[in-house]
Amino acid sequence: MTDPRIVPERPELGPRPHLGYTASAIDRAADRRTDAAALAKFLKDDRAGGYVIGGELVVMKQRGEAIDPLFSPAEAAAFGGARETIFLGLLGPAPRFGFGLDPAAIEPLKARNDLKITDLRTIAVQGLVDAAHLPPLAEAKALIGWHARHRFCPNCGTPTRVVQGGWRRDCPSCKAEHFPRTDPVVIMLAISGDRCVLGRSPRFAPTMWSALAGFAEPGETIEEAVRREILEEAGIRCGKVKYAMSQPWPFPSSLMIGCHAQALSETIVIDRSEIEDARWFSRDELAQMLGRRHPDGLTTPPPVAIAHHLIRGFVEDGCHVLD
Ligand SMILES: [Zn+2]
């Protein structure tokens, strides 16, 4: 029997890819959010640029094959349908913004051949823009989506006002201050020796398998959420939980918290209301899936997703991911 702690090399997989939406180069410059004069000056700066987003759609410039997601404040204003302008921060000296548009204002733009309009998942998976744009696009999309869902005070129902460069909404009636929310989601692999559990959601492509995942609930630690989700979805009891990495996931406003967990049982009992299927995969089979050479065409999620990196870590490091 192979000792799973002996780590085989996987040169066929090449270098580990970058995790999508992470490692932003933008300085959020949070101290400027309360400085109305500085924000007004930034909007007039020749170097200012921003991302134009309405609902799930991102508007970008297209010239031939080249796609540029940045617009000047004046270009963004010319589209009409402006909602919030959000100060994302500074890229070196260049101010960066998110420009929220009424989704209805995007419809007539779809006919223009100098624009490319699509959703952020497609942009990330197809690599339509330089990867450096993905973190600020995620920041802008999550914030613009939060504004769209929080126009009224949850305390008293009064329409709220945008303040602090788009980082807070205040209620003029009950004086409550509302801050953008990030929802924690745990995503994890249950590991036993040389194998781990992957599952399938009915909305996945037919050949794709991924890590189990679910929202952390109020009053729960990350470790407790990991153990509960694996038990609920696949019937596996887990012990030790080791944090691996995290990823902003602006669909609409999650923070994916990636973990590896030590399985204490092996019999899978699937909750069909949550997932379509789940089963154990060996590291060798996972390596075939990552390398797109599985005999049945099975695949993992692409490198833009944290599940890819959790799987990759287990394939390369085995149980050491639980050390
Ligand atoms: Zn209120």
Side-chain angles (χ1 to χ4, degrees), residues 21 24 26-44 48 50-59 71 73 76-77 79-90 95-107 119-120 135-186 213-222 224-225 228 246-257:
Y21 310 117
S24 180
I26 287 185
D27 169 5
R28 295 191 174 211
D31 57 326
R32 309 294 176 87
R33 293 172 188 166
T34 52
D35 186 341
L39 293 179
K41 201 172 156 195
F42 285 153
L43 274 169
K44 291 186 182 128
Y51 304 94
V52 176
I53 297 172
E56 291 302 307
L57 295 175
V58 180
V59 182
F71 292 87
F79 289 135
R83 287 183 166 176
E84 294 80 21
T85 294
I86 294 159
F87 176 59
L88 300 179
L90 296 167
R96 289 287 177 262
F97 293 93
F99 301 113
L101 251 55
D102 183 333
I106 290 186
E107 281 307 310
D119 63 282
L120 183 53
L137 273 168
E139 182 186 349
K141 181 179 182 299
L143 276 163
I144 288 166
W146 175 77
H147 284 287
R149 298 187 302 277
H150 292 81
R151 302 200 176 282
F152 298 91
C153 177
N155 283 340
C156 72
T158 304
T160 49
R161 279 197 303 248
V162 180
V163 297
Q164 298 203 348
W167 289 87
R168 205 173 85 193
R169 295 184 78 99
D170 287 357
C171 175
S173 177
C174 76
K175 308 300 180 196
E177 299 172 348
H178 303 288
F179 293 87
R181 289 280 311 275
T182 297
D183 302 316
V185 173
V186 290
F215 285 101
E217 295 185 345
E220 207 172 35
T221 64
I222 291 170
E224 288 164 348
R228 176 184 53 75
S246 64
Q247 178 188 36
W249 192 250
F251 307 102
S253 57
S254 295
L255 175 68
M256 308 300 284
I257 302 168

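Read the numbers this way: they start at 1 and go in the same order the structure lists the ligands and their atoms. FYI, the numbering just counts along the sequence from 1.
Of the residues listed (Phe79, Phe99, Phe97), the one engaging Phe71 in a ring-ring contact (aromatic ring centres under 6.0 Å, His included) is Phe79, and it is the only one. Considering Val58, Ile86, Asp119 as possible partners of Ile53, the one that fulfils the side-chain contact (heavy atoms from CB on, under 4.5 Å) test is Val58.
With sequence neighbours excluded, no residue forms a side-chain hydrogen bond (donor to acceptor under 3.5 Å, both in side chains) with Tyr21. For the side chain to side chain contact (heavy atoms under 4.5 Å, CB included) test, residues two or more places apart in sequence or in another chain that qualify with Leu90 are Ala29, Arg32, Phe42, Phe87, Pro95.
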Please list every donor-acceptor pair under 3.5 Å in which a side-chain atom of residues 152-160 meets a protein atom from a residue at least two apart or in another chain.
from: Thr160; atom 1: OG1; to: His150; atom 2: O; distance (Å): 3.1
from: Thr160; atom 1: OG1; to: Arg151; atom 2: O; distance (Å): 3.1
from: Thr160; atom 1: OG1; to: Arg169; atom 2: NE; distance (Å): 2.9

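Of the charged side-chain nitrogens involved, at least one lies within less than 4.0 Å of a carboxylate oxygen, so that Arg228 and Glu217 count as a salt-bridged pair.
Around the Zn ion (ligand 1), protein N, O or S atoms at a distance under 2.8 Å total 4; waters are neither shown nor counted.
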